[in-house]
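Protein chains get the first letters and strands the later ones, always in sequence-line order, with residue 1 at the start of each. Remember, it's a predicted structure, so these values are computed and weren't measured experimentally.
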Protein chains: 2
Amino acid sequence: MKKDTSAAKGTRASTPRAGAARAVTVTDIADAIGVSRATVSLVLRGSPLVNVDTRARVEAELRRQRYVYNRGAANLRRRTSTSVALVINDLSNPFFAEFASGVDEALGAKGYVTLLGSTGESPERQQAVLTTLMEHTPAGLILSPAEGSDATEVRQALGFNANVLLFNRELNGGDWDFLTLDNQQGAYLATRHLIERGHQRIAFFGGHADSSSCHQRRTGYAQALAEAGLKVQPDWLIESAPNRLEAAARSGELFAGEVPTAAVCYNDTVALGLMLGLASRGVQPGRDFAVTGFDDISEAAVAMPPLTTLTVNPRERGRQAAELLLQRLDDPTAAPRRTVAPVQLRIRDSSGPAVG
Amino acid sequence: MKKDTSAAKGTRASTPRAGAARAVTVTDIADAIGVSRATVSLVLRGSPLVNVDTRARVEAELRRQRYVYNRGAANLRRRTSTSVALVINDLSNPFFAEFASGVDEALGAKGYVTLLGSTGESPERQQAVLTTLMEHTPAGLILSPAEGSDATEVRQALGFNANVLLFNRELNGGDWDFLTLDNQQGAYLATRHLIERGHQRIAFFGGHADSSSCHQRRTGYAQALAEAGLKVQPDWLIESAPNRLEAAARSGELFAGEVPTAAVCYNDTVALGLMLGLASRGVQPGRDFAVTGFDDISEAAVAMPPLTTLTVNPRERGRQAAELLLQRLDDPTAAPRRTVAPVQLRIRDSSGPAVG
DNA sequence: CTGAAAGCGCTTACAG
DNA sequence: CTGAAAGCGCTTACAG
């Protein structure tokens with residue numbers, strides 16, 4: 001239960017103000033000017049009950065002694081929390097970094113502090129991180145689950161805390177709020193865009209078929225094809241891990257049977273890898289073969305050719321996630337909500353000129 | 001002093017487990033199996049004093065009741081802290097995102113939790129963020145100061161907490177630990193590289209002359225020139241805000257007097273802007289004019305031409321910053337330390353072929 | 001309007 | 001090896 005492994009719990013634990021003066025407390029302030037601690041507390045919390053003159057004296061003394069409010073102690077007594085935990089895959093991923101930035105901005109504006117945790121896409125590490133974070137009694141949690149997360153395990157780590165917002169990946173079995181991108185609509189828009197450019201043979205390239213986001217994107221792709229009276233060809237559904245290397249390696253599979261003229265890619269990373277693979281076999285992306293991505297990572301704009309993709313505005317999604325969680329905190333008993341965030345097609349050169 | 005403005009302090013403050021079962025405490029566990037709370041506490045902290053049998057019973061009950069340790073309460077009583085505050089400019093900047101990722105990774109491995117704050121490069125916001133974070137009694141603080149930060153103000157917000165590590169920007173007047181990149185050496189390496197390629201007329205482009213990092217980089221640049229018996233020409237020192245637009249706009253200034261054949265740029269963003277400006281006047285960077293950057297942001301590798309620059313490995317810097325802070329926590333009274341992190345030249349096409 | 005007392009969940013000497 | 005008591009810094013009824 002309590003694995004006592006970390007240095008912070010052992011003898012190496014550090015005192016917050018070690019080597020410095022002892023922290024000033026409400027008692028110090030109260031004693032200094034001859035009022036009770038209760039009065040000081042009321043001043044701190046901005047109560048209108050305090051005599052204006054008493055208030056002034058207290059405030060002067062707070063300043064004089066450089067009093068620092070101990071929010072942890074207050075939260076303990078009041079049984080409240082002023083922190084929110086944010087658990088994501090990895091900040092090295094610009095998408096999550098932007099998302100985290102938006103979350104922190106929106107939370108900070110409401111007086112909450114962000115407790116950060118990263119899973120590195122590992123369910124085991126996720127469990128450890130969640131356990132640690134819960135010990136800090138956050139008011140709520142924003143979680144972008146690691147691939148392969150198990151709802152039961154996650155719920156276990158979360159204890160009875162009901163204030164959870166899931167982002168990006170749904171965990172069925174947990175009745176938690178959920179914010180997702182409109183994957184289906186995005187892939188639909190990309191596919192329709194290629195069809196409008198005159199393409200008839202369009203592949204869907206990359207992603208793991210069993211991941212929910214890949215499934216949704218394939219659905220949007222199929223929908224656009226169906227609307228145009230085009231058929232989904234099974235060997236045009238090509239899986240690939242979402243990294244550049246594997247995507248490049250698998251690009252040959254597009255040329256195994258009937259050769260498509262365009263590919264809707266699972267995401268930008270895959271698209272960039274595919275473009276690499278195409279170029280290395282003498283097929284020039286954007287001219288000989290049209291490619292679209294998903295995410296609009298910063299490299300998309302500067303790639304050669306620049307990548308047509310779907311912008312998701314991760315920073316705005318972060319703000320939105322924070323808002324949704326704050327609403328949940330206001331009404332913990334409300335029914336879980338599912339929110340789908342819009343995505344927008346950004347046309348660049350990789351989807352090429354009109355063909356045919 | 002205590003401006004009571006934020007929602008979290010007002011009526012909207014939320015209970016941590018609102019709507020759910022009341023939290024299980026050590027008392028619940030103790031009562032359930034008929035031992036004292038002290039015994040439960042000893043088990044939680046892994047004390048060897050507890051009878052092996054008693055320990056087993058306690059641990060079983062902890063599991064049964066899904067006990068969650070309240071680290072805040074423990075920290076209050078023990079006067080310790082298991083969190084570290086990290087304050088940076090903005091996570092949208094990949095450099096800081098990587099850095100934060102490294103910090104969080106290293107802190108998490110030691111059982112600390114990261115409290116996140118961003119300044120948006122505004123000293124005012126920085127004050128507010130620091131004040132809020134200090135109220136959560138972090139064991140220490142890693143701060144990359146906003147441009148224009150004032151040491152006295154920062155110290156004010158920090159109270160008596162001595163456990164501070166500054167990153168990137170020094171604040172004179174504060175006797176804090178400091179981690180910096182080797183700006184001088186980096187610019188020296190870039191300049192020498194250009195000289196070795198045969199350039200004799202080399203400009204230094206971008207940055208604000210009064211910022212310490214720009215000053216250090218210019219020093220390295222001047223040092224390499226001096227070693228080669230080349231003179232620094234004053235009108236080859238061109239200032240520019242570190243953004244692409246202004247850099248592009250100021251590129252004309254290179255052609256005002258005696259025209260250089262190469263430029264060492266303050267950083268990658270400036271270099272990218274300069275390359276844009278050069279291209280727009282028909283000068284092809286990497287062929288007609290050599291350019292180097294600083295930072296190795298992800299765009300550097302995919303720019304056209306790819307940018308010769310200095311890699312700083314921000315993630316590793318983050319880990320290093322965390323390590324340094326943890327050492328400080330171990331010995332709060334040690335003398336402040338200054339650490340210079342190495343940088344490495346990465347040669348790409350923008351610095352062109354050998355000339356002359 | 002102000003103060004004395006109890007208590008948030010934990011830990012730590014101190015007895016036994 | 002275990003328990004009773006005090007206390008970390010704050011807040012909140014409850015008196016007055």
Inset, instruction - Could you tell me whether the phosphate oxygens of dG3(D), OP1 or OP2, come under 4.0 Å of any side-chain nitrogen or oxygen in Thr39(B)? - result: yes

Legend entry - Sequence-distant partners of Glu170(B), salt bridge (Lys or Arg N to Asp or Glu O under 4.0 Å), two or more places apart: Arg338(B)

Inset, instruction - Take the protein atom CG of Asn75(A) and the nucleotide atom C1' of dG9(D), then report the distance between them rounded to whole Å. - result: 12 Å

Inset, instruction - Starting from C1' on dG3(D), measure out to CG on Asp31(B) and report it in whole angstrom. - result: 13 Å

Legend entry - For Arg337(A), all residues meeting side-chain contact (heavy atoms from CB on, under 4.5 Å), sequence neighbours excluded: Asp177(A), Leu324(A), Gln327(A)

Inset, instruction - Take atom CD1 of Ile29(B) and atom C1' of dT11(C), then tell me their distance rounded to the nearest Å. - result: 16 Å

Between the protein and nucleotides 4-8 of chain D, which nitrogen or oxygen pairs are less than 3.5 angstrom apart?
residue	atom	partner	partner atom	Å
dA6(D)	N6	Arg37(B)	NH2	3.4
dG7(D)	N2	Arg77(B)	NE	3.3
dG7(D)	N2	Arg77(B)	NH1	3.2
dG7(D)	N3	Arg77(B)	NH1	3.4
dC8(D)	O3'	Arg79(B)	NE	3.4
dC8(D)	O2	Arg77(B)	N	3.1

Inset, instruction - List in chain and number order the residues that pass ring pair (Phe, Tyr, Trp, His ring centres under 6.0 Å) with Phe96(B), two or more places apart in sequence or in another chain; answer none if no residue qualifies. - result: none

Legend entry - Any residue of residues 50-57 of chain A with a heavy atom less than 4.0 Å from an atom of DNA chain C: Val50(A), Asn51(A), Thr54(A)

Legend entry - Nearest listed nucleotide, side chain of Val35(A), among dC10(D), dT11(C), dG3(C): dG3(C)

Inset, instruction - Report the distance from atom CG of Leu44(B) to atom P of dC10(C), rounded to the nearest whole Å. - result: 8 Å

Inset, instruction - Sequence neighbours left out, what passes salt bridge (Lys or Arg N to Asp or Glu O under 4.0 Å) with Glu61(B)? Give chain and number order. - result: Arg64(B)

Legend entry - Base-paired stems in DNA chain D, each at least three Watson-Crick or G-U pairs under 3.5 Å: C:1-3 with D:14-16, C:5-12 with D:5-12, C:14-16 with D:1-3

Legend entry - Pair listing, salt bridge (charged side-chain N to carboxylate O under 4.0 Å, His left out) test, anchored in residues 139-153 of chain A, at least two apart: none

Inset, instruction - Specify the residue among Leu42(B) and Gly72(B) whose closest nucleotide of DNA chain C lies further upstream toward the 5′ end. - result: Gly72(B)

Within the sub-3.5 Å range, which N or O atoms of nucleotides 14-16 of chain D have a protein N or O partner, and how far apart are they?
none

Legend entry - Contacts of Leu42(B) that satisfy side-chain contact (heavy atoms from CB on, under 4.5 Å) - sequence neighbours left out: Ser47(B), Val50(B)

Legend entry - Nearest-Å distance for atom pair NE2/C1', residues His136(B) and dG9(D): 14 Å

Inset, instruction - Test Asp90(A) against Ser101(B) for side chain to side chain donor-acceptor pair (under 3.5 Å), laying out the working first. - result: CA-CA 7 Å; Asp90(A) 184 7; Ser101(B) 177; 3.0 Å; yes

Inset, instruction - Could you grab the distance from atom OG of Ser149(A) to atom CD of Gln126(A), nearest 0.5 Å is fine? - result: 3.5 Å

Legend entry - Over-ring placement of Arg328(A) relative to Trp176(A), 6.0 Å and 45° cut-offs: no

Inset, instruction - Just jot down the side-chain contact (heavy atoms from CB on, under 4.5 Å) partners of Glu98(B), sequence neighbours excluded, or say none. - result: Ser92(A), Pro314(B), Arg315(B)

Inset, instruction - Could you tell me the separation between the CD atom of Glu121(B) and the OG atom of Ser144(B), rounded to the nearest 0.5 Å? - result: 7.5 Å

Legend entry - Distance in Å, Leu107(A) CG paired with Thr82(A) OG1, rounded so as to fall on 0.5 Å steps: 11.0 Å

Legend entry - Pairing residues for Arg319(B) by the salt bridge (Lys or Arg N to Asp or Glu O under 4.0 Å) criterion, not counting sequence neighbours: Glu105(B), Glu316(B)

